[in-house]
Amino acid sequence: MPELPEVETIVRGLRAPCVGRIIERATIKWKRHIAAPSAARFAERIRGQTIRAVNRRGKYLVFGLSAGTLLIHLKMSGDLSIVAADAPAEKHAHTIFHLDNETELRFSDPRKFGRVYLVRDVEEVTGQLGPEPLDESFTAAGLATILKSHRRQLKPLLLDQTVVAGIGNIYADESLHRARLHPQRQSDTVTPAEARALWRSIRRTLSTAIRNKGSSIDWMYRGGAQQNYFRVYGRAGEPCRVCGRVIRRILIGQRSTHFCPNCQRS
Ligand SMILES: [Zn+2]
């Protein structure tokens with residue numbers, strides 16, 4: 001599933017070809033892609049809108065329009081691309097935005113879990129999200145407060161989008177290894193120094209992954225390279241890059257979790 005670095009990579013790629021373009025109309029082949037409003041109202045309201053900005057909030061792509069905001073969540077298998085209007089149709093391009101310069105923004109989604117929203121107030125969709133981990137407003141002290149106020153294991157806490165936005169299974173494991181914290185450690189036992197290490201680790205992990213254009217792992221077509229530098233994710237049975245001990249894989253709340261039993265003591 002694409003996480004913050006992969007979504008950010010897509011946003012950066014779409015900004016130049018999308019900003020300033022007019023959406024002439026949308027083709028909706030899979031009505032349930034449209035989470036809000038109804039597919040019919042969506043098709044009506046999207047017509048003639050100018051794309052003013054392309055940004056990201058958590059794992060959502062956020063398109064500022066002349067009236068309202070278009071949000072897209074890629075979920076498990078979604079991808080967005082700009083192609084020439086006469087490019088061959090793609091089997092899984094269930095929602096297509098026809099732009100005013102003979103190009104199309106195609107939302108391809110083989111597993112159909114992705115969702116599209118058109119709202120007046122962006123908070124209707126993103127209001128429950130936790131802080132953006134790369135924002136200046138996300139501080140070490142802020143993270144320490146979050147950890148103290150929850151009594152949960154670190155791994156599921158980091159995956160909770162209402163706690164911190166944008167982190168998924170890959171970058172939670174990577175961040176915890178870099179911070180030398182066990183994924184099952186109770187959040188309220190984390191010391192201020194450890195919280196600062198985790199804060200620094202989350203930011204380094206995500207910004208390095210963005211520099212490498214994310215990871216090409218479940219979705220091979222994006223060209224990211226971060227998978228070549230994974231510390232623990234997907235490396236069960238291989239040696240830890242720091243200490244040489246064998247990386248372990250366990251299940252925490254149904255999610256596979258990778259860690260080094262030596263670097264990340266419980
Ligand atoms: Zn290790």
Side-chain angles (χ1 to χ4, degrees), residues 1-9 59 130-131 133-134 138-148 150-161 163-220 222-266:
M1 180 196 276
E3 303 180 25
L4 187 155
E6 290 79 34
V7 177
E8 180 66 28
T9 302
K59 300 180 198 169
L134 294 177
F138 181 68
T139 61
L143 179 61
T145 305
I146 290 170
L147 297 177
K148 272 272 174 279
H150 291 83
R151 288 188 178 177
R152 290 172 65 187
Q153 295 179 346
L154 289 176
K155 173 72 187 275
L157 190 70
L158 290 180
L159 294 182
D160 184 340
Q161 300 300 297
V163 173
V164 188
I167 299 174
N169 214 31
I170 295 175
Y171 299 107
D173 285 2
E174 295 290 291
S175 298
L176 287 168
H177 181 267
R178 196 189 279 262
R180 303 178 71 88
L181 287 166
H182 193 282
Q184 287 174 306
R185 177 79 174 273
Q186 289 291 318
S187 64
D188 56 329
T189 69
V190 170
T191 67
E194 288 172 326
R196 171 164 285 276
L198 181 56
W199 169 78
R200 189 179 295 122
S201 161
I202 289 170
R203 289 165 70 103
R204 282 204 187 146
T205 299
L206 294 174
S207 44
T208 304
I210 291 172
R211 266 202 307 283
N212 287 318
K213 301 192 183 326
S215 305
S216 305
I217 176 163
D218 299 329
W219 48 317
M220 302 80 77
R222 190 44 73 172
Q226 186 59 31
Q227 70 282 2
N228 300 324
Y229 307 100
F230 283 162
R231 303 165 70 100
V232 289
Y233 185 83
R235 297 190 64 242
E238 294 177 40
C240 172
R241 296 192 201 278
V242 175
C243 74
R245 280 277 286 276
V246 172
I247 301 296
R248 284 192 59 202
R249 175 183 177 277
I250 56 171
L251 283 179
I252 302 178
Q254 322 284 11
R255 304 299 300 274
S256 71
T257 297
H258 311 77
F259 71 102
C260 170
N262 184 43
C263 293
Q264 299 164 271
R265 304 275 176 95
S266 54

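One-based numbering, in listed order, for ligands and for the atoms of each. None of the values given here were measured: they were computed from a predicted structure.
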Report the protein N/O/S neighbours of the Zn ion (ligand 1) that fall below 2.8 Å; do not count waters.
Cys240 SG, Cys243 SG, Cys260 SG, Cys263 SG

Can you give each donor-acceptor pair under 3.5 Å made by side-chain atoms of residues 141-148, sequence neighbours left out, with the distance rounded to 0.1 Å?
from, atom 1, to, atom 2, distance (Å)
Thr145, OG1, Ala141, O, 2.9
Lys148, NZ, Asp188, O, 3.0
Lys148, NZ, Val190, O, 3.4

Give every residue pair that meets the side-chain hydrogen bond (donor to acceptor under 3.5 Å, both in side chains) criterion with at least one member in residues 223-232, sequence neighbours excluded.
His177-Arg231, Asn212-Gln226

Does Ser207 offer a backbone N or O that forms a donor-acceptor pair with the side chain of Arg203 under 3.5 Å?
no

Name all residues meeting the salt bridge (Lys or Arg N to Asp or Glu O under 4.0 Å) criterion together with Glu8; count only those two or more places apart in sequence or in a different chain, and write none if there are none.
Arg12, Arg56

One thing to verify: whether Arg185 and Glu194 come together as a salt bridge, which I'm taking to mean a side-chain N less than 4.0 angstrom from a carboxylate O.
yes

From Leu154 atom CG to Thr189 atom OG1, the distance as rounded to the nearest 0.5 Å:
7.0 Å

